[in-house]
Amino acid sequence: MTATQDLSHQAGPTGSRARIAISTAFFVNGFGMGSWTPEVPIIGARLGLTEATYGFMILIFGLGAVMAMPFVGAMIARAGSRPVVIATQIAFAAAFPLLTLAPHPIAIGAALFLFGIGLGGLDVAMNANAVSVERRLDRSIMSSCHGFWSLGAFAGAGIGGSLIDLFGPVGHTSLVGLFCAGILLAMLPALLDDRALAEDRSSSEERARESLRSILSRKRKPLLLALVIGVIALAGFMQEGVVIDWSAVYLRSELGVSVAASGFGFAAFSVSMATLRFLGDGIRDRLGAVRTVRLSLLFALTGAILLAIAANLAMALAGYLVLGIGLANLVPIAFSAAGNVKGLANGTGISIASAIAYSGGLIAPSIVGLVASAYGFSTIYLALAIIISAVFLSAGILKGADRESGH
């Protein structure tokens, strides 16, 4: 029996515990992102940052995340995902308090870079571990894992402002760091060790050569399809990034809400996204991928327009809530479609789409600062509405997601 077969065969309590452990890692990653949102305007105010320099700060975070991803992938291929989940979660837990302790912009930049490495690297590692758990359980868990990410983001954003009011920015980031480190210790015994699976696969060098042969072959149509799907996934990631990094700034600077309420926008977005992600597999099975995406994007378009014209907190929260409903299943369906592209080596399609989506989605929100500084956030949300409309028109490309039941 091979290691892959062994992992699939052992689907009892150990597999269930492994699912709980990796779902917890998704929750922690989301909690970190949610906790970051109410700190953004506070750090900016302390350092006297403009919207443009906010964007540069976010760019440093994105660069740390994107630069970590290829190294994390190589580490997973050699040692399995478990040690990488551990290392990146430790990096995140250590970096978050440094954001409020750093005394000047250069130190903040270094802390942001480490923070990006931790969260970006953990994102890749936990998805890889979730795939291994799926093999052991012989059923899909990815959508629910992403649902736990959204729940974590909701929790982090929802209580972040209140914790800042109670304990101050340093107290808040320290508590978050300690919480995430404690959760890591609790989930360690059940976190799946997939080294055997990594060893049973062909060597990383051979897999790289196989992907390269696919990319350099004459199969240009499949490659182009994977690239276009990656751009669609990027559209979803980009809009999520705008909400994560800028919702608190938007609510405070343009609607004048309090610090305690500044995280409510992302919290509303996250709770609706979490709900629809837990329901997403059933909806797609019933309607099909293309109809699910198009129906969802009608909600997303409504949410973006509401945010563009919002005159008060209640209207903005309604916009974030509806936007979360609309965007919840766009990226999971896009990744499923990329993984099913025929004519490319196994895993090549989704790796192409992921690289485009993660890289652009992490870096693109930094551009928002420059645009918002010149034209305001209403222009930003109108631009998102245009992007949503373009994805709606091209949603037929995602029909390949229906060829497999899970992702």
Side-chain angles (χ1 to χ4, degrees), residues 1-34 72 76 79-90 92-93 119 121-156 179-201 270-271 273-285 328-329 331-333 335-336 339 347 350 354 404-407:
M1 179 179 289
T2 66
T4 302
Q5 291 169 328
D6 184 61
L7 283 172
S8 299
H9 179 70
Q10 299 176 32
T14 300
S16 299
R17 290 179 66 229
R19 178 180 182 176
I20 293 171
I22 196 57
S23 297
T24 302
F26 273 83
F27 180 91
V28 167
N29 187 280
F31 187 80
M33 291 301 295
V72 166
I76 292 171
S81 59
R82 185 177 188 272
V84 186
V85 169
I86 296 169
T88 51
Q89 192 162 323
I90 290 173
F92 152 63
L119 277 184
L122 177 58
D123 197 290
V124 174
M126 68 190 187
N127 274 284
N129 193 268
V131 169
S132 297
V133 175
E134 282 184 330
R135 290 191 177 101
R136 168 166 284 194
L137 293 172
D138 197 27
R139 64 178 182 271
S140 176
I141 65 166
M142 190 65 76
S143 291
S144 65
C145 282
H146 283 271
F148 280 109
W149 185 96
S150 295
L151 286 179
F154 167 71
F179 170 77
C180 294
I183 290 294
L184 174 63
L185 291 175
M187 75 183 194
L188 270 180
L191 190 62
L192 181 64
D193 187 348
D194 55 1
R195 282 176 300 176
L197 182 59
E199 291 164 2
D200 186 60
R201 295 171 183 160
S270 299
V271 72
M273 178 170 277
T275 302
L276 265 294
R277 279 181 169 167
F278 283 118
L279 298 173
D281 288 335
I283 294 172
R284 191 178 84 180
D285 288 343
N329 289 296
V331 171
I333 289 176
F335 279 176
S336 183
I350 196 169
S354 297
E404 294 184 4
S405 60
H407 186 58

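Within the 4.5 Å cutoff, the side chain of Leu188 has heavy atoms near those of the Ile86 side chain. The side-chain heavy atoms of Leu276 and Ile283, taken from C-beta on, include a pair separated by under 4.5 Å. Inter-residue side-chain proximity for Pro189 and Arg17 is flagged as met; some heavy-atom pair is nearer than 4.5 Å. Between Met33 and Asp123 the shortest side-chain heavy-atom distance does not fall below 4.5 Å. The side-chain heavy atoms of Ile22 and Leu192, taken from C-beta on, include no pair separated by under 4.5 Å.
Heavy-atom minimum distance, Ser150 versus Arg277: OG-NH1, 3.2 Å. Considering every non-hydrogen atom in both Ser270 and Ala153, the closest pair reads OG-CB, 3.5 Å. Minimum heavy-atom separation, Leu119 to Gly32: CD1-C, 4.4 Å. Looking at every heavy atom in both residues, Thr88 comes nearest to Gly121 through CG2-C, 3.7 Å. Residues Cys180 and Phe31 come closest through the heavy atom pair SG-CD2, 4.4 Å.
With Gln89 contributing its side chain and Leu122 its backbone, the two residues share no donor-acceptor pair below 3.5 Å.
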Does Phe278 form a side-chain contact (heavy atoms from CB on, under 4.5 Å) with Leu151? I'd like the steps, not just the answer. CA-CA 10 Å; Phe278 283 118; Leu151 286 179; 3.8 Å; yes
Stepwise, does the side-chain contact (heavy atoms from CB on, under 4.5 Å) test hold for Val28 with Leu184? CA-CA 9 Å; Val28 167; Leu184 174 63; over 6 Å; no
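Separating the OG1 atom in Thr24 from the CD1 atom in Ile183 is a distance of 6.5 Å, to the nearest 0.5 Å. Note: His146 NE2 to Asn329 CG = 11.0 Å, rounded to the nearest 0.5 Å.
Taking the six-membered ring for Trp and thresholds of 30 and 60 degrees, Phe179 and Phe27 have ring planes more than 60 degrees apart, a perpendicular arrangement.
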